[in-house]
There are 2 protein chains.
Amino acid sequence: MDILYQRFIDHYSGSQQLTDHTKAEICNHLSILHLNKKHVLIKENQRHDFAYFVIKGAVRSYFLKDGIEVNTWFALENDMVGSLQNFNDKPSKETIELVENSTLISINLKKLKPLMFLNIQISNFINAVIEEYALFLEKKIYFSQMMHSIDKYLILLDKEPQLFQRIPLTYIASFLGITRETLSRLRAK
Amino acid sequence: MDILYQRFIDHYSGSQQLTDHTKAEICNHLSILHLNKKHVLIKENQRHDFAYFVIKGAVRSYFLKDGIEVNTWFALENDMVGSLQNFNDKPSKETIELVENSTLISINLKKLKPLMFLNIQISNFINAVIEEYALFLEKKIYFSQMMHSIDKYLILLDKEPQLFQRIPLTYIASFLGITRETLSRLRAK
DNA sequence: GATTTCATTTGATATATGTCACAAAATCAT
DNA sequence: ATGATTTTGTGACATATATCAAATGAAATC
């Protein structure tokens, strides 16, 4: 098995030991991709069969609100990107686009998902992926309830300093829910 | 099987047909509770073994930020409340408290969770619960990214009108991330 | 390396929301 | 019912952030 696939599987198998057979079944639905900056993985309002795991690179998610891009998050190495909507055969609410030239693993959800009704290890594996995602969303919500944007800025700077090296401030400001001018002024301190 | 248990199980079994044996296994870990307004189901920073499904009543979740309650959501009939943290044996980040006298089903996570490694139907059942929760969180985040609070107010009024009948405006304002004074002024239009 | 494009910073002003103080209304407990 | 408590509404003013405009700085393209 490719070492990159191993890395993806290890990242989500947690306490559970997967048999070689299960690992092979999962790998059947994985592929490695090399794609360039600005490439769009998932388009808002479209159905897609794939989710992606970032091996190397940076990715952003955003949706359009009154014609303006609202950035919702940034994924770096070992993060998973995709849409739970897609997992349920519904159109994505977000566009997902590369911010750097990146190496990704694509996961064929359409083919992997039905296996969860046949293979309990795969069911628990998918469970782990969704659970990690839900914990991540909880953190984001907690964060978004901070009243002052200066607090949000400082926490983000503390918890995710890499973002400020790799993601344009315009996108970060949008994620924080403020204009780029305001972010610039907060930083001038 | 109690009809209320049936209602809870049906709500999450979705496409999947559960055998009577599986249903019985789940029911072993359910109980019905009648509790009064202000009763605290889950305390911030404490571990708990239970999640709850609202049969009748209203519940709020909040955490303390600089000594101030920040309300994070309100659950009504057929909603599930609890903490993913508890599901992973970690202390809850939120306090969950009844806003009305309520009837609830308690779910013993500590005992139910290990069964997901033994019974694939239970694994998929738990999967459905967590997935619905994650979709709900996604909606909340989308909502929280609305820039103007007037938009948030109007959307909430449209999508969740019952909240305004049953949940004090102070709590709703806190959830919207504005003061009660500001909410009061928005409403005066 | 020069040119174009994109990202960031700074300034002046307008607007939205917060804060504090208090009044009015609704709800609760006795 | 009555008074006490909680919830909601209104006013005056302070502050944070948005908006618009322009300058500077950095990165990509040729």
Side-chain angles (χ1 to χ4, degrees), chain A residues 35-40 57-60 62 64-71 74 97-102 143-157 161-189, chain B residues 35-40 57-60 62 65-71 74 95 97-102 143-157 161-189:
Chain A
L35 295 167
N36 288 334
K37 192 168 165 167
K38 303 239 171 184
H39 180 93
V40 172
V59 181
R60 72 180 177 116
Y62 67 90
L64 289 180
K65 156 100 182 140
D66 304 331
I68 294 169
E69 287 180 5
V70 179
N71 287 265
F74 315 99
E97 179 187 295
L98 302 193
V99 176
E100 299 175 354
N101 300 342
S102 306
F143 178 82
S144 76
Q145 301 263 14
M146 303 284 138
M147 3 253 167
H148 300 292
S149 36
I150 181 74
D151 294 337
K152 293 193 197 181
Y153 170 71
L154 290 172
I155 289 173
L156 197 64
L157 193 62
Q162 333 85 297
L163 292 185
F164 292 87
Q165 319 301 319
R166 298 169 64 181
I167 306 289
L169 291 173
T170 312
Y171 299 156
I172 295 179
S174 155
F175 166 69
L176 291 172
I178 56 181
T179 59
R180 56 218 151 80
E181 292 95 330
T182 300
L183 178 56
S184 175
R185 286 177 184 120
L186 290 179
R187 281 162 62 81
K189 293 178 193 173
Chain B
L35 296 167
N36 288 333
K37 191 168 168 170
K38 303 241 173 180
H39 181 93
V40 172
V59 182
R60 72 181 178 116
Y62 66 90
K65 157 97 180 142
D66 304 330
I68 294 169
E69 287 180 4
V70 179
N71 286 264
F74 315 100
T95 294
E97 179 187 295
L98 303 193
V99 176
E100 299 174 353
N101 299 342
S102 307
F143 178 82
S144 77
Q145 300 264 12
M146 303 283 138
M147 2 253 165
H148 300 294
S149 35
I150 180 75
D151 295 338
K152 292 193 199 182
Y153 169 70
L154 290 173
I155 289 174
L156 197 64
L157 194 60
Q162 335 84 298
L163 292 185
F164 292 86
Q165 318 302 319
R166 298 170 64 181
I167 307 288
L169 290 173
T170 312
Y171 299 157
I172 295 180
S174 157
F175 166 69
L176 291 171
I178 57 181
T179 59
R180 59 218 150 79
E181 292 94 331
T182 300
L183 178 55
S184 176
R185 285 176 185 121
L186 290 179
R187 280 163 63 79
K189 293 179 192 172

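Letters A, B, ... mirror the listed sequences (proteins, then strands); counts begin at 1.
Between the NZ atom of A:Lys65 and the CG atom of B:Asp151 there is a distance of 4.5 Å, given to the nearest 0.5 Å. Rounding to the nearest 0.5 angstrom, the gap separating the CG atom in A:Leu154 from the NZ atom in A:Lys152 is 13.0 Å. Summarising the geometry, atom CZ belonging to A:Arg187 is positioned 13.5 Å from atom OG1 belonging to A:Thr182; distances are rounded to the nearest 0.5 Å. With rounding to the nearest 0.5 angstrom, the CG atom of A:Leu186 is 5.0 Å from the CD1 atom of A:Ile178. A distance of 9.0 Å separates CG in B:Asn71 from CD in B:Glu97, rounded to the nearest 0.5 Å.
For the pair A:Leu176 CG and D:dA16 P, the interatomic distance rounds to 17 Å; values are reported in whole Å. Between the CD1 atom of B:Ile172 and the P atom of D:dT6 there is a distance of 19 Å, given to the nearest Å. Rounded to whole Å, the distance from CG on A:Leu186 to P on D:dA16 is 10 Å. If you take NE2 of B:His148 and P of C:dT17, they are 8 Å apart, rounded to a whole angstrom. Spacing between atom CD1 of B:Ile178 and atom C1' of C:dA16 amounts to 11 Å, rounded to whole angstrom units. The distance from atom CG of A:Asp151 to atom C1' of D:dA16 is 13 Å, rounded to the nearest whole Å. Rounded to an integer number of Å, the gap from B:Gln165 CD to C:dA26 P is 15 Å.
Side-chain contact between A:Ile68 and A:Ser174 is absent, with no heavy-atom pair separated by less than 4.5 Å. A:Phe175 has its side chain out of reach of A:Leu163: every pair of non-hydrogen atoms, C-beta onward, lies at least 4.5 Å apart.
The phosphate of C:dT17 has neither OP1 nor OP2 within less than 4.0 Å of any side-chain N or O from B:Thr179. Considering only side-chain N and O atoms, B:Ser149 lies under 4.0 angstrom from the phosphate OP1 or OP2 of C:dT17.
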Next item on the list: Can you check each nucleotide of nucleotides 6-13 of chain C against protein heavy atoms at under 4.0 Å and return B for base, S for sugar-phosphate only, - for none, in 5' to 3' order?
Entry: -SBBBBB-
Next item on the list: List the protein contact pattern of nucleotides 23-30 of chain D with one symbol per nucleotide (5' to 3'): B for base contact, S for sugar-phosphate-only contact, - for none; contact means a heavy-atom distance under 4.0 Å.
Entry: -----S--
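For the helix from C:dG1-D:dC30 to C:dT30-D:dA1, the rotation axes defined at the first and last 5 base pairs enclose an angle of 60°, given to the nearest 10°.
Judged by distance alone, with hydrogens and angles left aside, the side-chain atoms of A:Asn36 form no donor-acceptor pair with the main-chain N or O of A:Asn101 at under 3.5 Å. Remark: the backbone N or O of B:Ile172 is not paired with any side-chain donor or acceptor of B:Arg60 at under 3.5 angstrom.
Between A:Phe164 and A:Phe74, a ring centre-to-centre spacing not shorter than 6.0 Å is recorded.
When the options B:Arg166, B:Lys37, B:Lys38 are evaluated for a side-chain hydrogen bond (donor to acceptor under 3.5 Å, both in side chains) with B:Glu100, the one that passes is B:Arg166.
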